[in-house]
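Below is one structure, written out as structure tokens; comments come after it.
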Amino acid sequence: MITQRPKGTQDWYGLAMHKRNIIEGIARKLCKTYHIKEIITPVFEHTILFQRGVGETTDVVQKEMYTFDDKGNRSITLKPEGTAGAVRAYLENGLYAESQPTKLFYFTQAFRYEKPQSGRLRQHHQFGIEFFGSGSPLAEVELITLLTEFMKELGLKGAKLHINSIGCGNCRKIYNEALLQYLTQHEDQLCPTCKERMQKNPLRILDCKNDSCKILIKDAPRTIEYLDDECRDHFEELKELLTEMDIPFEVDTGIVRGLDYYTKTVFEFVNAEGFTLCGGGRYDNLVHEIDEKQNIPAVGFGFGIERIINELEAEGVELEAEPAVDLYVGILGKKAKASAYQFVQRLRKAGLIVETDYLDRSVKAQMKYANKIGAKNTVIIGEDELLQNKAKLKNMETGEQTEVPLDQIEKLFL
Ligand code: HAM
């Protein structure tokens, strides 16, 4: 047990860590050109933030949160997603008072007590963006464009954009009546949680993972048929903009998303198997729900890093390999140790990736090690080499050896 990590968690090291760094690097580079600033919020927040923000009747809040009382008897929750914390930070730090819009990106852990399986973890990681202060569909287009660029740079080709509109509070009132009427006829087929949800929040039934609920949902009325003029115009403008931007999309009236805060647009990028890689949408009422003095529209998305890595593997995309060690500096004899290590440091300062011996190994063992770590070149430094300021540089790929001056060796790598 002591050497076993908790179910649904992952250790990040080696190749997976390298891939994650590349993914984050591409995301950061794109966010920079889109003038989107990074935010880091706490790993835990007051439980009420998620109850209010994500919604009491969602699966996330009802079944999946890691909630506990701290030593001061406050109810604390490990964040199950990134939006609620970002909204809290936007409000608490008065970012709304600055010139709008405010565009924030984050990399965050998220904790959900879900049944662990491929692409579904109890601790996962998201790259997310929250765009505050614009009610225009151009804000959605900005995020979708960035996501399209992001996947293109990663080399992913299989993800398809699905969009839908679930309307605003006004549309929802009329839609809920129609949905309730439909569900009442089939109430006996609903799972116990959904029977409860029927009165409180029938929309949540549409993303229930229970098999019998799923069958029922297929023929349920669709939100898109109940949009008021403003929400319909918004959706039409979004579709026009995407078309003009040459971004392919499919209207998928089945998307409602599993979190309560969405209004109008919801979208997902799904892979060839129909598995969701990234999800997001507009949430024009959430800021107001958390602080009733503010009324600020917003839109955002979250992209699971683990799902990106799975998809890269599924599509056979090879990311850039980790940079190899430029030079292995072997040390011959104790007396040469300090000077050889100074030599190593000089080359590292010049930007070379350099490795050396820390185990007092024999020269033969050092060369074996250099080969194992894939060093491109090796040089062995002993007292003689230091005295004469020259040593044999070996190209490990060709086996070729050349005598080089030690004080100018970095020039060979420029
Ligand atoms: P979400 O759809 O719940 O939305 O999660 C966003 C993404 O996180 C998913 O599309 C998936 O890639 C990844 N994800 C979610 N749960 C897991 C899990 N258990 N294991 C692995 N990956 C997972 C949100 O979280 C919203 N905050 C997105 C958003 C931001 N909407 C507006 N702004």
Side-chain angles (χ1 to χ4, degrees), residues 6-10 12 16 20 23 27 36 39 41 45 49-50 53-55 58-61 63-66 78-90 102-132 134 139-140 142-144 146-147 150-151 156 159-164 166 204 207 209 255-271 273-287 297-312:
K7 225 173 151 184
T9 64
Q10 189 185 339
W12 288 90
R20 180 167 153 186
I23 292 165
I36 304 172
I39 185 166
T41 62
E45 297 272 0
L49 176 69
F50 302 114
V54 173
T58 58
D59 265 3
V60 169
V61 170
K63 300 178 185 165
E64 296 169 1
M65 293 208 304
Y66 280 86
L78 301 184
K79 58 171 137 173
E81 56 96 59
T83 309
V87 171
R88 197 259 320 125
Y90 174 77
T102 299
K103 303 194 285 182
L104 304 171
F105 78 90
Y106 53 81
F107 297 102
T108 187
Q109 303 101 314
F111 303 87
R112 297 184 190 178
Y113 193 79
E114 293 195 82
K115 202 167 161 212
Q117 49 192 284
S118 167
R120 205 171 285 288
L121 292 132
R122 290 188 174 162
Q123 178 182 0
H124 73 273
H125 297 78
Q126 288 187 19
F127 159 47
I129 297 184
E130 310 299 346
F131 185 144
F132 297 96
S134 168
E140 278 96 314
E142 167 112 324
L143 301 187
I144 289 169
L146 185 147
L147 280 164
F150 175 60
M151 285 185 276
L156 288 179
K160 299 239 169 345
L161 172 63
H162 287 193
I163 61 171
N164 189 23
I166 58 168
R204 282 285 65 86
D207 53 65
K209 292 167 192 130
I255 303 179
V256 288
R257 310 273 304 124
L259 312 162
D260 264 356
Y261 44 66
Y262 292 109
T263 52
K264 295 184 179 164
T265 316
V266 283
F267 66 86
E268 290 182 348
F269 279 90
V270 295
N271 70 7
E273 281 76 49
F275 193 64
T276 306
L277 301 175
C278 165
R282 181 164 280 287
Y283 50 96
D284 288 346
N285 300 334
L286 182 59
V287 171
V299 54
F301 72 80
F303 205 149
I305 305 282
E306 292 84 353
R307 294 201 187 170
I308 299 176
I309 292 177
N310 286 352
E311 186 62 16
L312 286 167

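Order of appearance sets the numbers: ligands from 1, and atoms from 1 within every ligand.
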Tyr66 atom OH, neighbour heavy-atom count above 12 within 6.0 Å
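Enclosed: over 12 neighbouring heavy atoms sit under 6.0 Å from OH of Tyr66.
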Of the side chain and backbone of Arg307, name the one, both, or neither that has a heavy atom under 4.0 Å from an atom of ligand 1.
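Near ligand 1, Arg307 shows its side chain, while the N, CA, C and O stay back.
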Below a 4.0 angstrom heavy-atom separation, can you tell me which part of Leu277, side chain or backbone, both or neither, approaches ligand 1?
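The backbone, only.
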Does [X] reach ligand 1 with a nitrogen or oxygen that is under 3.5 Å from one of the ligand's nitrogen or oxygen atoms?
X      : value
Tyr106 : no
Glu306 : no
Gly304 : yes
Val299 : no
Leu121 : yes

Tell me which protein heavy atom sits closest to [atom], plus the residue, atom name and distance to 0.1 Å.
atom                    : answer
atom 24 (C) of ligand 1 : Leu259 CD1, 3.5 Å
atom 26 (C) of ligand 1 : Tyr261 OH, 3.2 Å
atom 7 (C) of ligand 1  : Gly302 O, 3.3 Å
atom 33 (N) of ligand 1 : Glu130 OE1, 2.8 Å
atom 1 (P) of ligand 1  : Arg257 NH2, 3.5 Å
atom 18 (C) of ligand 1 : His124 ND1, 3.4 Å
atom 30 (C) of ligand 1 : Thr83 OG1, 2.9 Å

Measuring from non-hydrogen atoms of [X] to any atom of ligand 1, is the shortest distance under 4.0 Å?
X      : result
His125 : no
Gly258 : no
Gln126 : yes
Gly280 : yes

Could you tell me how the ring of Phe132 sits relative to the ring of Tyr90: parallel (under 30°), tilted (30 to 60°) or perpendicular (over 60°)?
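Answer is parallel, since the angle falls under 30°.
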With distance as the sole test, does Arg112 use its side chain to make a donor-acceptor pair with the main-chain N or O of Pro80 at under 3.5 Å?
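Checked: pair present.
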Closer than 3.5 angstrom, by distance alone: can the side chain of Arg307 be matched with the main-chain N or O of Gly119 as a donor-acceptor pair?
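Yes; at least one donor-acceptor contact below 3.5 Å.
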Using a strict 4.0 Å threshold on nitrogen-to-oxygen distance, state whether [X] and [Y] make a salt bridge.
X      : Y      : answer
Glu140 : Lys264 : no
Lys209 : Glu64  : yes
Asp207 : Arg257 : no

For [X] and [Y], work out which heavy atoms get closest and say how close.
X      : Y      : value
Glu81  : Ala84  : OE2-N, 2.8 Å
Ala139 : Val299 : CB-CG1, 3.6 Å
Leu161 : Ile144 : CD2-CG2, 3.6 Å

Can you list the ligand 1 atoms lying under 4.0 Å from a non-hydrogen atom of [X]?
X      : value
Glu81  : 25 (O), 26 (C), 27 (N)
Phe301 : 28 (C), 29 (C), 30 (C), 32 (C), 33 (N)
Cys278 : 10 (O)
Tyr262 : 26 (C), 28 (C), 29 (C), 31 (N), 32 (C)
Glu114 : 16 (N), 18 (C), 19 (N)

Taking only residues two or more places apart in sequence or in another chain, which ones pass side chain to side chain donor-acceptor pair (under 3.5 Å) with Thr102?
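Checked Thr102 against side chain to side chain donor-acceptor pair (under 3.5 Å); matches are Gln100.
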Applying side chain to side chain donor-acceptor pair (under 3.5 Å), which residue pairs with at least one partner in residues 122-132 are found, sequence neighbours left out?
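Sorted result for residues 122-132: Thr83-Glu130, Tyr106-Glu130, His124-Gln126, His125-Glu306, Glu130-Tyr283.
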Find the distance between CD1 (Ile255) and OH (Tyr262) and round it off to the nearest 0.5 Å.
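It is 11.0 Å, given to the nearest 0.5 Å.
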If you take the centroid of each ring, where Trp contributes its six-membered ring, are Phe301 and Phe269 closer together than 6.0 Å?
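Not close enough - the centres of the two rings lie 6.0 Å or further apart.
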